[in-house]
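Please read the structure below before turning to the comments.
Remember, it's a predicted structure, so these values are computed and weren't measured experimentally. What you see below is based on every heavy atom in this structure, not just the backbone, and it leaves out hydrogens, waters and symmetry mates.
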Amino acid sequence: MPEIAGPAAAALSSLCPDDVIFLRSLPKAELHAHLNGSIPIKTILELAQEHSHYSALTPEVAETIERLRSGVILNEIFDFFPLFPAIYALTSTPEAVAISTRAVLQSFLNPASDGAENPQCAYLELRTTPRATKYMMRERYLTVVLDEIEMYPATQAALIVSVDRRMSDLDVEECVRLAIEMKNNGRRVVGIDVCGNPRKGDMQPFTRHLSRAKGAGLGLTVHIAESTENTTEDSLALLSCRPDRLGHATFLSDELKALFFADIPQPGTECSLLSECPCIEICLSSNLLCKTVASLDAHHIRYYLKNDHPIVICTDDTLPFRTSCLGEYAMLLAQPPLGLGLSRDDVARVARMGMDAAFLRPHHD
Ligand code: 5GP
């Protein structure tokens, strides 16, 4: 179990031991975790140590590692993305990718060393952006990650292939093609994700690749309306591909919700464009620490809970956000202002919704 800090730790430490036992025992699905954002700090430090043997760490890399170790403070969401080049400098070889993936899987799926019987989550859909470096091609990167994921049973772990908003058309095409080919070859790829700096990229050209992925039987999740700078056109392009799940959706307008979510009433019209309700991947600590929401009280999770819309509670990036599945669930159960003050029954219902939103379900196979 990772060491946690910040809002998740505050919520968890406010709970009585019985509540913690209850939360630990709930089967949870982690459906929004970025591989390179979830590497345990211990593994990062070990990789940095090794790295320093063959090439000195640049001052920028060393500084970011120190920030990750001592606790990152962000002024806004756009300060978050510059953390990744340093992490990528440590995970550029197939060996380092294997070590990192193994450590991430263990942290989510192996019972904790602190004596707790339950792992952080019962089921993990880990996502990662296939990276070509001077040591490997994208295909090798994915193979290394899948080799580690498939050490676990299919009921426990699967892979979502991310495409980054900054990618060229050719790069997106390659990532989606690899995902489809690997799935068709029996590898455990279950979905496609669109991620990366919300300021970057035009989503319109992505749509034909995303629709192709859906047509090939892959689940689709997209980071959407994550910042106030994301335009309606940006969200419309992503929603036109009929995603099964939405990452964050913090600033999705009421008009778009009414148009695309079958469970939200649409004044004056008789049908909605979507017949299903895409599940919203909620990352409470991430949103608070990136300052895209001012407080838990103002968090969009309240809207979705009130409308009984499917949600799943996720960690996003446990490394910079210093959280865990348990910590995020603690924020549901803790009393305000540290948490939302939900009842145990409601928290159990939210956990079940998460399990139901997994891509690896019989009708997706
Ligand atoms: P990776 O895909 O390399 O395993 O994980 C790190 C990448 O995930 C980052 O470079 C970034 O593109 C993406 N990512 C991680 N967290 C977030 C987030 O909260 N929002 C968005 N849009 N992208 C993220």
Side-chain angles (χ1 to χ4, degrees), residues 1-35 37-43 100-127 148-160 188 190 279 281-286 301 311-319 321-334 338-361:
M1 198 72 66
E3 273 183 36
I4 67 170
L12 187 58
S13 62
S14 76
L15 297 178
C16 66
D18 213 39
D19 280 341
V20 178
I21 291 169
F22 162 74
L23 288 182
R24 279 192 201 277
S25 71
L26 276 183
K28 304 172 206 68
E30 170 55 86
L31 305 183
H32 187 132
H34 298 268
L35 195 166
S38 306
I39 304 173
I41 187 65
K42 180 171 169 286
T43 310
S100 309
T101 310
R102 201 172 309 146
V104 172
L105 289 162
Q106 282 173 359
S107 79
F108 279 110
L109 295 172
N110 291 20
S113 52
D114 63 4
E117 275 172 35
N118 305 94
Q120 271 205 73
C121 60
Y123 174 72
L124 168 67
E125 272 171 15
L126 187 61
R127 58 183 70 186
E148 296 297 328
I149 286 181
E150 290 167 2
M151 300 288 275
Y152 290 80
T155 49
Q156 271 191 288
L159 178 69
I160 295 174
R188 210 180 297 151
V190 294
C279 174
E281 298 162 354
I282 299 278
C283 309
L284 296 170
S285 289
S286 165
I301 188 175
I311 58 169
V312 56
I313 301 297
C314 305
T315 55
D316 207 2
D317 299 275
T318 51
L319 171 59
F321 301 138
R322 298 203 289 175
T323 187
S324 66
C325 298
L326 183 66
E328 294 302 296
Y329 274 80
M331 293 165 86
L332 301 181
L333 194 59
L338 298 178
L340 293 160
L342 300 190
S343 67
R344 281 192 186 188
D345 280 353
D346 281 342
V347 176
R349 193 176 59 86
V350 169
R352 276 197 303 277
M353 279 198 271
M355 293 295 271
D356 289 344
F359 287 148
L360 200 67
R361 282 177 294 162

Between D19 and R344, is a side chain to side chain contact (heavy atoms under 4.5 Å, CB included) present by the stated rule, with each step listed? CA-CA 8 Å; D19 280 341; R344 281 192 186 188; 2.9 Å; yes
Identify the heavy atoms of [X] and [Y] that sit nearest to each other, and give their distance.
X	Y	answer
L332	V347	CB-CG2, 4.0 Å
A157	L109	CB-CD1, 3.8 Å
C121	L124	SG-CB, 4.1 Å
P7	M331	CB-CE, 3.7 Å
M355	K28	SD-C, 3.7 Å
L360	A154	CD2-O, 2.9 Å

With rounding to the nearest 0.5 Å, note down the distance linking [atom1] in [X] to [atom2] in [Y].
X	Y	atom1	atom2	answer
C279	L31	SG	CG	7.0 Å
L338	S13	CG	OG	7.5 Å
S343	L340	OG	CG	11.5 Å
S38	D316	OG	CG	8.0 Å
L26	I313	CG	CD1	11.5 Å
S286	F321	OG	CZ	3.5 Å

Listed partners of R322 passing side chain to side chain donor-acceptor pair (under 3.5 Å), at least two apart: none
Whether the side chain of R352 engages the backbone of P27 through a donor-acceptor N/O pair (distance < 3.5 Å, no angle test) should be reported. no
Determine whether a donor-acceptor pair (N or O, by modelled atom type, separation under 3.5 Å) exists between the side chain of E30 and the backbone of H32. yes
Please determine whether side chain to side chain contact (heavy atoms under 4.5 Å, CB included) holds for the pair I282 and V312, giving the CA-CA distance in whole Å, both sets of side-chain angles, and the decisive distance to 0.1 Å. CA-CA 6 Å; I282 299 278; V312 56; over 6 Å; no
Just so I know, are the side chains of [X] and [Y] near enough to count as touching, which here means a heavy-atom distance under 4.5 Å?
X	Y	result
Y152	L105	yes
N110	P119	no
L326	Q120	no
L23	L333	yes

Does E125 pair with R188 as a salt bridge, N-O distance under 4.0 Å? no
Applying ring pair (Phe, Tyr, Trp, His ring centres under 6.0 Å), can you list everything that pairs with Y329, at least two apart in sequence or on another chain? none
Would F108 and S324 satisfy side chain to side chain contact (heavy atoms under 4.5 Å, CB included), going step by step from the backbone distance to the final call? CA-CA 8 Å; F108 279 110; S324 66; over 6 Å; no
Show your reasoning for whether side chain to side chain contact (heavy atoms under 4.5 Å, CB included) applies to L159 and F359. CA-CA 10 Å; L159 178 69; F359 287 148; over 6 Å; no
Does any donor atom in the side chain of E328 or T315 lie under 3.5 Å from an acceptor atom in the other side chain? no
Tell me yes or no: between the side chains of H34 and D317, is some donor less than 3.5 Å from an acceptor? no
